[in-house]
Amino acid sequence: MYVTNYDLVCHRLYFSTLFLVFRKHCVDISFSNFTFFFQEAKLKEFISKVNELSTQGFISESASAEVVAAQLHNTKLKHRLAVLQRAIAEEEKKLGINSSTGSSSGKAAKMSATVRDRMSIRDYLTEVFTHALRTAFPDLEDKTAAVAPTNEKYVAKFGDYQCNDAMALCKIYKDKGVKKSPLEIAQSLADVVNKELASNPNLAKVVDKIEVAKPGFVNVFLSRVYAGEQLKDIVLNGVQPPSLDKRLRVVVDFSSPNIAKEMHVGHLRSTILGDAICRLLEYLGHDVVRLNHVGDWGTQFGMLIAHLQDTYPDYLTKSPPIADLQAFYKQSKKRFDEDETFKKRAYQCVVSLQKFEPDYKKAWDMICDVSRRDFQKIYDRLNVTLTERGESFYQKHMEELVPYLEKKGLLELDDGRKIMWGDDRGLIPMTIVKSDGGFTYDTSDMAALKHRIEHEKANWVVIVTDLGQGVHFKLLGECGKKAGFLDPNKTRLDFVGFGVVLGEDKKKFKTRSGDTVKLSELLDEGLRRSLDKLKEKNRHTELTPTELSEAQQAVAYGCIKYADLSHNRNLDYVFSFDKMLDDRGNTAAYLLYAYTRIASIVRAAGVNIDDLVKSAHTTPVSLEHPKEFALAKTLLRLNDVLTLVTRDLCLHHLCEYLYDVSTAFSEFYDNCYCIEKDEAGKIKKVHTGRLLLAEATARVMKKCFDILNINTVHKM
Ligand SMILES: NC(=[NH2+])NCCC[C@H](N)C(=O)O
């Protein structure tokens, strides 16, 4: 028989570690010299921002300026928090909390001769500086340079990217008893890169200049010509993915609700995250298999079948009218707990089912179908596709797994059970066979992993579930390696964990009566609230009924998805319609408005879009104004962000980026006219180079929305 087994210990361990890391970062930051100066400057900026936004019509005039300022302040702080959380995620990686094995480090010994097609600029510069580092300091063990985008506040002064290795190298030398200042080290790195810059036209194409700054930074300034070429490419050919080193076959196991039970907000989180991961990998050109590993093979099916036989004796000829599987489940559970004979029969049913006896299989199919139809309604609404391959699929494979592991001498007898240890015998083992001869959640995941690698030929397996199952999947990786079917050099295995969804009371998300929230009802409420919001802004008087309904759906589903994706998945998150539908912060509501406005600029200029695209052959994208160039460089960071997300599978980087793009656009648009009108409102001059920049921005934003599976609308 088969039972489901979750582990919560790791959850607790994980959060206490996370708390420590978080504290460390908060302390670091509050001691920074910049804090006070930064806060004051920020406040001024917020106030001017509010004024700007209200003139743009983003904020209703009736709203109190102070409230609005506070809300904006809050949004910015949250954005800042997200940046901090990213730092935490990086710390976690170092601490080995995330079981992610993918990394690009350690290989870039030689400098790339050319910057490859649409390659992430950050990755390219990492190669350049790694080469410099190994050339300038051959006595050190092979190191990979750390290149990061410069904080946007300091870009003008300190360049677009920075190599910060000098400080760490200084420490390494100091430990070896060699005195070298960070500035000296930075200079040596810069000397190598400057030499390369003089002799390598490919590098010179991307980089305008580099500079050394105290205490030991090497600052990189991107070339305006290069930025112009890249944006022209975006306008002419659309946003394209970087060229792929190797097309991988990736199995993504996500959503995975349990049959006969309610699909809950945790499954919603898995569905949204997993789908976005699939969409990103598909966009990058990988061969993705989207698997719904539904829980369809537990002991609970015994009691469900026995109860079905009693309540609908003619179920074999007449389809039973079970609409409410929850209630049906509750009734059978009650009987199972109270009635010994029923219980025995239920166990007998499980045995018959696992032998695939036709009548039992039919009963089971019927039960699964009821759930399946409910799940599908949710997937359709969210526009998510999945192939169902549940636990039951692996029955035969589980039977074969046991002798396979036995032959390798990996199973141990323990109180009648057959168990398998991971790397650490101090932790818990996997239960491969229970004392009654049945299989467990461990067995099906071992069989599934083996199947995915050997039959599906996966080079990469991604499993998206709540963090509570972290220990289980860590153990799975270790046992897969021991059993010999998982070779980390050939297959990357990622456990993509996520925190708990909380209600606004910070407790587990439940209905008032303490029940699981029905996802269909949650989505309905989203639709209702988004319509209210649109009506509040009088949009119903300006949009046609179809346009209004499209906007309503885009906002409702977009907000629910974005709220989830924009939070660091490693943390719990509070589900709040008020927050996610607020159109003044880092929300889909705000970003969808921003996108619609940008996309309408070209329309407002009365220019035909095809003509505009054609003009990119002859008219350069305008990059003279600092705000134009800043926006352009933000747009060029898209592939940096996509490669980053590919490494850590944290979608919030992409959401932060989308918000950065919209902010960079607002700054550009406030400072640079795209269209000039005369007093009568007639268009006097159209600035084509700027329209091209707006068009490139709209396309980059659209690409981000596409990856996040958020629908955009023309009008809202
Ligand atoms: N291969 C897996 N174990 N995938 C995840 C299954 C998730 C499980 N059904 C749950 O509801 O928590």
Side-chain angles (χ1 to χ4, degrees), residues 2-8 10-11 99 250-275 277-278 289-301 325-326 329 367-368 371-372 374-375 378-379 384 386-395 397-398 401 422 430-432 439-453 455-456 458 460-480 485-486 491-501 508-509 516-519 569 649:
Y2 181 96
V3 284
T4 312
N5 148 22
Y6 304 111
D7 216 293
L8 291 164
C10 122
H11 203 175
S99 63
V250 196
V251 167
V252 185
D253 166 334
F254 70 106
S255 189
S256 310
N258 301 313
I259 300 280
K261 291 189 191 156
E262 196 67 69
M263 184 171 175
H264 55 69
V265 276
H267 296 123
L268 179 68
R269 209 169 181 192
S270 173
T271 309
I272 292 171
L273 284 168
D275 175 55
I277 290 172
C278 290
V289 187
R290 300 159 157 258
L291 290 187
N292 198 0
H293 189 87
V294 292
D296 61 357
W297 212 230
T299 34
Q300 76 266 29
F301 285 97
L325 204 50
Q326 294 296 296
Y329 184 94
I367 294 165
C368 291
S371 282
R372 203 170 278 141
D374 284 346
F375 298 160
I378 304 288
Y379 298 141
V384 172
L386 273 152
T387 302
E388 185 184 317
R389 189 180 292 166
E391 292 164 356
S392 64
F393 172 87
Y394 300 100
Q395 174 64 24
H397 304 277
M398 290 193 269
L401 178 76
M430 282 206 149
T431 300
I432 302 296
F439 299 135
T440 72
Y441 192 61
D442 297 344
T443 331
S444 65
D445 269 332
M446 278 290 274
L449 183 60
K450 188 166 184 288
H451 184 267
R452 288 163 185 180
I453 295 170
H455 294 263
E456 280 300 338
W460 188 359
V461 177
V462 180
I463 302 171
V464 190
T465 64
D466 59 281
L467 280 166
Q469 302 192 41
V471 167
H472 167 76
F473 286 107
K474 184 171 175 286
L475 205 52
L476 177 68
E478 292 171 2
C479 290
F485 54 77
L486 173 64
T491 313
R492 170 176 168 183
L493 172 65
D494 273 304
F495 164 60
V496 174
F498 53 82
V500 182
V501 181
K508 235 178 156 175
F509 195 62
T516 314
V517 177
K518 270 200 165 63
L519 290 191
R569 63 173 169 82
L649 302 177

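By convention here, the first residue in the shown sequence is residue 1. In listed order, ligands and their atoms are each counted from 1. What's counted below: heavy atoms across the whole structure, side chains too, no hydrogens, waters or symmetry copies.
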Can you find a heavy atom in the side chain of [X] that is under 4.5 Å from one in the side chain of [Y]?
X	Y	result
Asp374	Met263	no
Phe509	His264	no
Ile277	Phe254	no

Parallel, tilted or perpendicular: ring planes of His397 versus His451, cut at 30 and 60 degrees |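 Aromatic pair His397/His451 classed perpendicular.
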
How does Asp445 reach ligand 1, if at all, at less than 4.0 Å between non-hydrogen atoms: by side chain, backbone, both, or neither?
-> side chain

For ligand 1, which atoms have a heavy atom of Ser256 less than 4.0 angstrom away?
-> 5 (C), 6 (C), 7 (C), 8 (C), 9 (N), 10 (C), 11 (O)

Return yes or no for this condition: an N or O of His472 is under 3.5 Å from an N or O of ligand 1.
-> no

With a 4.0 Å cut-off on heavy atoms, is [X] touching ligand 1?
X	value
Gln469	yes
Phe473	yes
His267	yes

Carboxylate-amine/guanidinium proximity below 4.0 Å for Asp253 and Arg389 =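 Looking at Arg389 together with Asp253, the answer is no, because their closest N to O distance does not fall below 4.0 Å.
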
Please work out which of Phe254, Tyr394, Tyr441 has its closest non-hydrogen atom nearest to atom 3 (N) of ligand 1.
-> Tyr441

Stepwise side-chain contact (heavy atoms from CB on, under 4.5 Å) test for Leu493 and Phe473 = CA-CA 9 Å; Leu493 172 65; Phe473 286 107; over 6 Å; no

